[in-house]
Undergrad: 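Got a structure for you, written out below as structure tokens; questions coming shortly.
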Amino acid sequence: MTMLFSHEGNRLIVQTPGKVNLHLEILGKRPDGYHELETLIVAVGLYDRLEFQQQESGTTVTSSDPELSVGDDNLVTRAIALVRQESGIETGVSVSLEKRIPMAAGMAGGSSDAAATLAALNLLWGLNWSRERMAELGGRLGSDVPFFFYAPAAICRGRGEIVTSCPCPAVLHFVVVRPREGLSTKSVFSRITVPDEPVSVSPMENALQAGDTEKVGQLLHNRLEEASLALSEAVTDLQRRANSWNCLGHRMSGSGSAYFALCRSAEDADELARQLREQNLGSVFVVTNPSQG
Ligand code: C5P
């Protein structure tokens with residue numbers, strides 16, 4: 001796992017990362033409306049911070065971002081309810097959530113928060129659940145949640161819940177741009193056509209394991225990109241501009257709207273980020289993948 005745990009007095013702090021997809025292919029449409037997919041995901045060092053504290057009773061969730069609902073639909077609230085249901089523990093808990101991972105960006109911020117909540121309650125309430133159990137529960141909350149129990153890099157299949165960790169020895173230098181408008185995962189998936197000839201994840205997996213970042217840059221693939229381009233002018237604009245960026249490759253992450261470049265070095269990433277900030281395209285982040293182990 002790549003979550004960072006610490007204690008401040010009687011509070012448990014969890015910092016939990018975002019992600020980008022280096023490869024995302026659609027293999028079919030399922031009878032339940034979801035899509036069968038194959039995706040290679042890496043965590044990126046842009047962290048939401050969650051502060052957990054026991055309280056007398058009930059659930060209190062607060063968020064630094066007023067745009068995020070903290071009602072029953074919030075993934076942290078849903079994760080708490082699920083752990084209560086599975087463990088029978090009724091102890092009260094309060095969570096203060098500091099959002100740094102952009103929302104509606106294809107960076108799985110909400111899913112990461114849900115995974116962090118499962119891991120935190122596992123510790124706070126002494127449940128001793130295995131990562132397999134937490135990943136299984138996470139899969140019920142959202143397709144991207146199980147990944148975070150196998151990060152920093154993994155291949156996810158099925159709806160996203162069949163996860164295999166993937167060695168990634170290289171440091172990957174990314175610049176991520178989140179345009180002002182986000183994208184809804186549901187509406188992007190609703191515009192997907194299943195390809196006749198799916199692109200295999202194996203070459204990307206091999207390049208990543210070999211630490212061949214040039215190759216990783218060339219192989220970046222995201223089947224959702226076309227649907228997102230049709231929905232978002234901002235993503236279309238970013239893709240057009242990206243052709244002149246100094247980088248090894250560029251792609252949209254997940255269902256967007258975040259768009260990333262893989263750079264040769266930290267210096268190249270910093271320089272590209274500087275240029276992109278001047279162009280006022282949205283929020284710009286320079287991130288690497290957290291190291292393995
Ligand atoms: O699982 P999650 O709630 O994150 O998925 C959000 C939406 O994305 C789903 O309602 C579905 O429309 C789409 N989706 C899909 N196939 C997947 C994952 C997500 O169609 N494998």
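Both counts, for ligands and for their atoms, begin at 1 and track the order of listing.
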Undergrad: Just need the protein heavy atom nearest to atom 13 (C) of ligand 1, so name the residue and atom and give the distance.
TA: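 That would be F189 CD1, 3.4 Å.
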Undergrad: Can you name the residues that form a ring-ring contact (aromatic ring centres under 6.0 Å, His included) with F260, not counting sequence neighbours?
TA: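 F260 satisfies ring-ring contact (aromatic ring centres under 6.0 Å, His included) with F174 only.
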Undergrad: Of all the non-hydrogen atoms in the protein, which one sits nearest to atom 12 (O) of ligand 1, and at what distance?
TA: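 Looking only at protein heavy atoms, the one closest to atom 12 (O) of ligand 1 is K186 CG, 3.5 Å.
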Undergrad: Any atoms of ligand 1 less than 4.0 Å from a non-hydrogen atom of H35? List them with their elements.
TA: 15 (C), 16 (N), 17 (C), 20 (O), 21 (N)
Undergrad: Find out whether the Lys NZ or Arg CZ of R131 is both under 6.0 angstrom from the six-membered ring centre of F149 and within 45° of the ring's axis.
TA: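 No - R131 does not lie over the ring of F149 by the 6.0 Å and 45° rule.
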Undergrad: Out of all atoms in ligand 1, which are within 4.0 Å of some heavy atom of G142? Include the element for each.
TA: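 Listed by number with element, the hits are 1 (O).
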Undergrad: Going by the order shown, which atoms of ligand 1 are within less than 4.0 Å of some heavy atom of R159?
TA: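 It comes down to these atoms of ligand 1: 1 (O), 17 (C), 18 (C), 21 (N).
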Undergrad: Which protein heavy atom lies closest to atom 5 (O) of ligand 1, and at what distance to 0.1 Å?
TA: Y34 CE2, 3.9 Å
Undergrad: For the hydrophobic clusters of this structure (ILVMFWY residues joined by side-chain heavy atoms under 4.5 Å, transitively), does one cluster hold both L68 and L46?
TA: no
Undergrad: Specify the protein heavy atom at minimum distance from atom 18 (C) of ligand 1: its residue, its atom name, and the distance to 0.1 Å.
TA: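 For atom 18 (C) of ligand 1, the nearest protein heavy atom comes out as S143 OG, 3.4 Å.
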Undergrad: Quick one: pull up CG in L281 and CG in L276 and give me the separation to the nearest 0.5 Å.
TA: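 Separation between the atoms: 6.0 Å.
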Undergrad: If the plane angle is over 60° it's perpendicular, under 30° parallel, otherwise tilted; pick one for H23 and H221.
TA: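 Geometry flag for H221 against H23: tilted rings.
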Undergrad: Mind checking whether Y259 and H250 have parallel, tilted or perpendicular rings, split at 30° and 60°?
TA: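 Rings of Y259 and H250: tilted, 30 to 60°.
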Undergrad: Specify the protein heavy atom at minimum distance from atom 8 (O) of ligand 1: its residue, its atom name, and the distance to 0.1 Å.
TA: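 Result for atom 8 (O) of ligand 1: T185 CG2, 3.3 Å.
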Undergrad: Using a 4.5 Å cut-off on heavy atoms from C-beta on, say whether the side chain of S112 contacts that of P17.
TA: yes
Undergrad: Does even one non-hydrogen atom of D144 get within less than 4.0 Å of ligand 1?
TA: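 Under 4.0 Å: no for D144.
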Undergrad: Of all the atoms in ligand 1, which lie at a distance below 4.0 Å from a heavy atom belonging to L37?
TA: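 Near L37, meaning under 4.0 Å from one of its heavy atoms, ligand 1 has 17 (C), 21 (N).
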